[in-house]
Amino acid sequence: MPELPEVETIRRQLEPRLVDRRILEAGSHESTKFTPAREATGARVEAVGRRGKYLMIRLNDGRDLVVHLGMTGQLRSGGDEDELADPYLRAWWDLDDGTRLLFRDVRRFGRIHVVRRGHHDGIPTLRGMGPEPFDETFDGAQLWERMRGRKQRLKTQLLSQRPVAGVGNIYADEALFGAGINPALRRISVERATRLLEEIRRVLALGLQRGGTTLRDYRSLEGQGSNQFHLVCYGRAGEECVRCGGELRGRVIDARSTTWCPNCQT
DNA sequence: GTTGCGTCCTGGACGC
DNA sequence: TGCGTCCAGGACGCAA
């Protein structure tokens, strides 16, 4: 489940392979989630960016090729004909250097768009997305401002991408644990929002440093990340809390599995 | 406008 | 061994 560190890892690996390459041909699965991939045919890639969990591939014709990896999406670099027979291949782009970019997605939760730069009306999450967590002008007071008055649980708010971009289920659990905040709460103080932003930055930076978290399907162009070996909260329900020694609890919050420590997170 | 829930989708884990 | 059921979850659409 690619979140900001995983998408950023992939972006960094894609950049040298894609920039200045022209897309000679493209193909896709028949689902409308993927058919926009074909619209990039003929364009040249100017840059490979990222916004939250979305890869933003800037084309030279004023448009962006927007790729969301969903749950199980993987981007690979290849060139062999037999790759096109992969039953889980959802889109591909042939480049002018003879290589091919492949988008594989087993569960088909990923999506591809081609939009005029800055026009995100057709991508609601991108349109309403909060600031990038590592934006130096973004601070705890602003995070609090974006969360105050909301009635949703704090974890649900984080997953919505509206308060801050790029946080998914794994890093939400880890950051809330680090900040000592109960994920089921609906209100937060300025002080705790500041602490939460610090923890979001910390866990995302560590995830990035380790090449992402490889659980089930995620892998970058160059293999698996290692952050899964360092998780202290996510997926550890029933195990011992690293901080207080108590038992971590698991429950479903708004249809998302959630792990937290009832002693440390209040 | 906001909130909460259902849907999409399929491999893997698990129980019988 | 084989079958059926449940679970995982990001984004989006829809109803209230």
Side-chain angles (χ1 to χ4, degrees), chain A residues 1-8 10 28-37 50-56 64 66-75 86-91 103-115 120-130 133 145-176 183-188 200 204 207 212-219 224 227-228 231 233-238 248-260:
Chain A
M1 42 207 102
E3 304 181 31
L4 187 150
E6 290 75 35
V7 177
E8 178 60 21
I10 291 167
S28 76
H29 184 272
E30 69 275 13
S31 165
T32 54
K33 290 178 175 182
F34 308 111
T35 50
R50 179 191 55 73
R51 180 78 174 95
K53 305 177 199 172
Y54 290 82
L55 275 168
M56 312 289 288
D64 284 334
V66 182
V67 179
H68 193 287
L69 299 173
M71 288 284 296
T72 55
Q74 300 170 353
L75 283 165
D86 181 348
Y88 303 120
L89 183 68
R90 307 306 180 198
F103 179 57
R104 186 175 194 272
D105 183 13
V106 172
R107 292 187 206 172
R108 292 198 241 166
F109 275 27
R111 276 168 198 269
I112 296 171
H113 308 263
V114 174
V115 298
H120 300 148
D121 288 354
I123 314 173
T125 302
L126 203 49
R127 193 179 57 218
M129 185 171 281
E145 193 66 43
R146 298 184 72 86
M147 297 178 90
R148 67 183 290 210
R150 294 274 177 183
K151 291 173 184 172
Q152 290 176 308
R153 299 183 192 280
L154 298 180
K155 174 163 177 179
T156 307
Q157 290 190 48
L158 288 178
L159 296 185
S160 77
Q161 308 299 300
R162 282 192 297 263
V164 59
V167 179
N169 205 31
I170 297 172
Y171 294 97
D173 272 8
E174 294 291 302
L176 286 162
L185 294 179
R186 297 173 192 266
R187 288 185 179 187
I188 191 168
I200 288 170
L204 292 178
T213 304
T214 298
L215 293 173
R216 304 177 193 96
D217 305 283
Y218 163 74
R219 68 193 61 246
Q224 301 188 346
N227 198 50
Q228 64 277 15
L231 298 176
C233 184
Y234 173 84
R236 295 189 62 238
L248 294 173
R249 298 265 179 83
R251 66 172 281 196
V252 175
I253 291 181
D254 293 329
R256 296 290 172 262
S257 66
T258 300
T259 309
W260 88 106

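All figures in this text were calculated on a predicted structure; none of them were measured in a lab. Lettering of chains follows the sequences in order, A, B, ..., and the numbering in each one begins at 1.
Residues satisfying the side chain to side chain contact (heavy atoms under 4.5 Å, CB included) test with A/Thr156, not counting sequence neighbours, are A/Gln152, A/Arg153, A/Ile253, A/Asp254. By the side-chain hydrogen bond (donor to acceptor under 3.5 Å, both in side chains) test, A/Thr125 pairs with no residue at all, sequence neighbours left out. Every residue was checked against the ring pair (Phe, Tyr, Trp, His ring centres under 6.0 Å) condition with A/His120, not counting sequence neighbours, and none meets it. With sequence neighbours left out, A/Thr258 forms a side-chain hydrogen bond (donor to acceptor under 3.5 Å, both in side chains) with A/Lys155. Taking A/Arg148 as the reference, A/Trp144, A/Glu145 meet the side chain to side chain contact (heavy atoms under 4.5 Å, CB included) condition, with sequence neighbours excluded. By the side-chain hydrogen bond (donor to acceptor under 3.5 Å, both in side chains) test, A/Arg256 pairs with no residue at all, sequence neighbours left out. With sequence neighbours excluded, the residues that form a side chain to side chain contact (heavy atoms under 4.5 Å, CB included) with A/Arg236 are A/Glu239, A/Val242, A/Leu248. Listed by chain and residue number, A/Arg11, A/Arg12, A/Arg50 satisfy the side-chain hydrogen bond (donor to acceptor under 3.5 Å, both in side chains) test with A/Glu8 (two or more places apart in sequence, or in another chain). Shown here are the side chain to side chain contact (heavy atoms under 4.5 Å, CB included) partners of A/Ser31, two or more places apart in sequence or in another chain: A/His29, A/Lys33, A/Phe34.
Per the geometry, CG belonging to A/Asp254 stands 16 Å off P belonging to B/dT2, to the nearest Å. As a whole-Å value, the separation of A/Arg153 CZ from B/dT3 P is 13 Å. Rounded to an integer number of Å, the gap from NE2 of A/His29 to C1' of B/dT10 is 12 Å. Summarising the geometry, the separation between CZ on A/Arg150 and P on B/dG1 is reported as 11 Å, rounded to the nearest angstrom. Taking atom CG of residue A/Leu69 and atom P of nucleotide B/dC8, one finds them 22 Å apart after rounding to whole Å. One atom, NZ of A/Lys155, and another, C1' of B/dT3, lie 18 Å apart when rounded to the nearest Å.
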Output one line per pair: protein atom, nucleotide atom from nucleotides 13-15 of chain B, and distance, for all N/O pairs under 3.5 Å.
none

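For A/Arg108, a side-chain nitrogen or oxygen approaches OP1 or OP2 of B/dT10 to under 4.0 Å. OP1 and OP2 of C/dG9 both lie 4.0 Å or more from every side-chain N or O belonging to A/Tyr171. A close approach under 4.0 Å does not occur between any side-chain nitrogen or oxygen of A/Ser257 and OP1 or OP2 of C/dC7.
Within the 3.5 Å criterion, the main-chain N or O of A/Leu231 finds no donor-acceptor partner in the side chain of A/Glu174.
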_Intra- and interstrand pairs of DNA chain C - dot-bracket, Watson-Crick/G-U under 3.5 Å, | marks other strand_ = .|||||||||||||||
*With the sugar-phosphate defined as primed atoms, P, OP1 and OP2, and the base as all remaining atoms, what B/S/- string results for nucleotides 10-16 of chain C, 5' to 3', for protein heavy atoms under 4.0 Å?*
BBS----
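Minimum atom distance to the side chain of A/Arg186 is reached by B/dG4, of the listed B/dT3, C/dA8, B/dG4.
Between A/Lys151 and A/Arg90, the one whose closest nucleotide on DNA chain B sits nearer the 5' end is A/Lys151.
The distance from atom CZ of A/Arg187 to atom CZ of A/Arg150, rounded to the nearest 0.5 Å, is 14.5 Å.
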